[in-house]
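As structure tokens, the structure follows; a few thoughts come after it.
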Amino acid sequence: MPKVKAEKKSRQHQEVKSQGIMFNTGIGQHILKNPLVVNGIIDKAALRPTDVVLEVGPGTGNMTVKLLEKAKKVVACELDTRLVAELQKRVQCTPLQSKLQIMVGDVLKTELPFFDVCVANLPYQISSPFVFKLLLHRPFFRCAVLMFQREFALRLVAKPGDKMYCRLSINTQLLARVDHLMKARTLRIQLPIQTSVRTLFGFSQCIFFPFQEWDGLVRIAFIRKNKTLSAGFKSSAIQQLLEKNYRIHCSVHNIEIPQDFSIAEKIEQILQENAFNEKRARTMDIDDFMNLLHAFNSAGIHFS
């Protein structure tokens with residue numbers, strides 16, 4: 001009878017199992033154990049003694065304890081009640097206990113409190129929605145240091161013309177300055193994944209135009225980012241939406257619509273007059289989309 005090979009497990013895996021905690025890989029749980037990476041993340045956050053820090057996914061508290069030593073207060077948001085109990089036990093009866101506030105629940109469904117800095121080792125599944133939630137958070141915070149899966153992090157910093165350039169790239173860079181800080185590896189039980197630490201360094205500018213308008217245009221353009229804008233706007237669903245918005249605009253401003261009006265012809269006219277008909281979303285930067293949005297809005301076509 002052939003020998004059955006025993007499953008090899010790493011030292012970190014044995015340590016985690018000995019604590020009685022098995023991580024739920026279904027929701028992207030992983031543990032960051034390398035103290036050099038933890039210290040690197042905290043150093044890059046440049047914390048001040050007066051800072052309130054938001055930490056998403058504190059896990060067993062490897063980074064939380066170090067944050068508590070440097071900041072005025074840490075608000076930790078954790079979904080798993082088992083890890084909440086571990087974190088509470090870790091600071092219980094210590095001077096750090098009074099500086100820790102734990103919010104139990106899904107961070108995407110929770111109203112974020114006031115904070116100066118966000119430091120997070122995020123579950124991979126919520127990376128994109130959390131970034132958008134963070135970018136639209138008010139009041140403004142100073143900076144955020146976030147750990148992402150490498151592929152997602154590359155999308156955040158992609159430039160026009162890059163293969164990874166997408167709606168996430170342009171929306172993030174519109175509202176924030178994005179910098180790559182370091183690479184790291186985390187222990188994710190059963191499936192180690194290379195990750196990158198990325199940072200969103202504050203907001204580089206104040207945006208006074210409606211973001212929903214901007215995002216509506218960008219969303220349409222990046223549906224087929226390799227096609228020309230002229231081809232991208234020929235979708236019947238997109239034309240119906242824009243025609244509905246245009247008719248509402250004309251009704252509000254008492255503008256008469258000709259009987260032979262065609263939204264397709266109007267869109268093509270706007271694109272040609274502004275030399276956008278042959279451009280592709282994957283090569284357009286923020287200024288290009290700003291000019292395109294202005295051209296559409298000036299003609300009465302809106303995206304929200």
Side-chain angles (χ1 to χ4, degrees), residues 108 126-137 151-176 178 200 203-253 255 257-258 260-304:
L108 299 179
I126 68 169
S127 296
S128 183
F130 181 74
V131 167
F132 280 109
K133 184 181 181 74
L134 201 61
L135 290 173
L136 298 177
H137 176 71
E151 182 181 351
F152 182 85
L154 291 176
R155 290 167 58 196
L156 281 180
V157 297
K159 301 299 181 184
D162 292 349
K163 183 179 180 181
M164 305 293 286
Y165 189 61
C166 61
R167 170 174 163 252
L168 174 68
S169 312
I170 194 168
N171 279 346
T172 303
Q173 295 167 31
L174 171 74
L175 296 172
V178 189
L200 311 181
F203 288 83
S204 56
Q205 55 184 322
C206 293
I207 305 301
F208 294 104
F209 69 93
F211 181 77
Q212 288 185 341
E213 276 284 302
W214 163 273
D215 191 46
L217 169 62
V218 171
R219 189 187 296 269
I220 290 174
F222 276 98
I223 289 176
R224 301 165 68 187
K225 68 177 183 178
N226 294 319
K227 300 290 185 181
T228 63
L229 291 180
S230 181
F233 276 92
K234 287 182 179 179
S235 166
S236 59
I238 292 173
Q239 290 182 358
Q240 289 175 8
L241 172 65
L242 297 184
E243 181 173 4
K244 177 183 176 182
N245 292 344
Y246 179 72
R247 291 185 179 278
I248 293 174
H249 170 81
C250 292
S251 176
V252 171
H253 293 86
I255 300 174
I257 303 177
D260 60 346
F261 172 76
S262 170
I263 189 65
E265 293 178 2
K266 188 168 186 65
I267 292 173
E268 187 64 26
Q269 179 186 357
I270 295 171
L271 292 175
Q272 288 184 359
E273 288 178 353
N274 294 274
F276 281 108
N277 55 314
E278 293 300 321
K279 288 195 174 183
R280 291 168 168 79
R282 64 178 174 82
T283 63
M284 294 172 61
D285 59 15
I286 291 175
D287 290 338
D288 290 331
F289 277 104
M290 287 277 195
N291 293 331
L292 181 59
L293 180 62
H294 176 71
F296 274 116
N297 287 172
S298 298
I301 295 180
H302 295 271
F303 296 87
S304 63

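Throughout, residue positions are numbered sequentially from 1 according to the sequence presented. Values below: all heavy atoms of this structure, side chains included; hydrogens, waters and symmetry mates excluded.
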Who are the side-chain hydrogen bond (donor to acceptor under 3.5 Å, both in side chains) partners of [X], not counting sequence neighbours?
{"X": "Ser304", "result": "Glu213"}
{"X": "Gln239", "result": "none"}
{"X": "Gln272", "result": "Glu268"}

The test is side chain to side chain contact (heavy atoms under 4.5 Å, CB included); show your working for Phe132 and Thr172 and say whether it passes.
CA-CA 8 Å; Phe132 280 109; Thr172 303; 5.7 Å; no

Output the distance between atom [atom1] ([X]) and atom [atom2] ([Y]), rounded to the nearest 0.5 Å.
{"X": "Asn297", "Y": "His249", "atom1": "CG", "atom2": "NE2", "answer": "9.0 Å"}
{"X": "Ser236", "Y": "Ile263", "atom1": "OG", "atom2": "CD1", "answer": "13.0 Å"}
{"X": "Asn277", "Y": "Ser230", "atom1": "CG", "atom2": "OG", "answer": "6.0 Å"}
{"X": "Lys159", "Y": "Thr283", "atom1": "NZ", "atom2": "OG1", "answer": "15.0 Å"}
{"X": "Lys133", "Y": "Ser128", "atom1": "NZ", "atom2": "OG", "answer": "13.5 Å"}
{"X": "Leu174", "Y": "Leu135", "atom1": "CG", "atom2": "CG", "answer": "9.0 Å"}

Locate the shortest heavy-atom distance separating Met284 from Leu292; write the atom from each residue and the value.
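Looking at all heavy atoms of both residues, the closest pair is CE-CD2, 4.1 Å.
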
Which heavy atom in Ile286 sits nearest to a heavy atom in Trp214, and how many Å separate them?
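For Ile286 versus Trp214, the nearest heavy atoms are O-CH2, 3.9 Å.
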
Can you list everything that forms a ring pair (Phe, Tyr, Trp, His ring centres under 6.0 Å) with [X]? Sequence neighbours excluded, please.
{"X": "His294", "result": "none"}
{"X": "Phe296", "result": "Phe233, Phe303"}
{"X": "Phe261", "result": "Tyr246"}

Donor-acceptor check, side chain of Gln173 to backbone of Leu156, threshold 3.5 angstrom: yes or no?
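It does hold such a pair.
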
Is the side chain of Asp162 donor-acceptor paired with the backbone N or O of Ala158 at a distance under 3.5 Å, no angle test?
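No: the side chain of Asp162 does not pair with the backbone of Ala158.
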
Taking salt bridge (charged side-chain N to carboxylate O under 4.0 Å, His left out) as the definition, give me every residue that meets it alongside Lys266, ordered by chain and number, with sequence neighbours left out.
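If we apply the salt bridge (charged side-chain N to carboxylate O under 4.0 Å, His left out) test to Lys266, skipping adjacent residues, there are no hits.
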
With a 4.5 Å cut-off on side-chain heavy atoms, are Phe152 and Val131 touching?
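Yes, side chains in contact.
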
Under 3.5 Å, sequence neighbours excluded: what are the donor-acceptor pairs made by side chains of residues 217-225?
unit_1 : atom_1 : unit_2 : atom_2 : d
Arg219 : NH2    : Asp215 : OD2    : 3.1
Lys225 : NZ     : Lys163 : O      : 3.1
Lys225 : NZ     : Tyr165 : O      : 2.7

Salt bridge (Lys or Arg N to Asp or Glu O under 4.0 Å) partners of [range], not counting sequence neighbours, each pair once:
{"range": "residues 270-286", "answer": "Lys279-Asp288"}
{"range": "residues 295-304", "answer": "none"}
{"range": "residues 227-253", "answer": "Glu243-Arg247"}

Mind checking what makes side-chain contact (heavy atoms from CB on, under 4.5 Å) contact with Leu241, not counting sequence neighbours?
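Listed in chain order: Asn245.
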
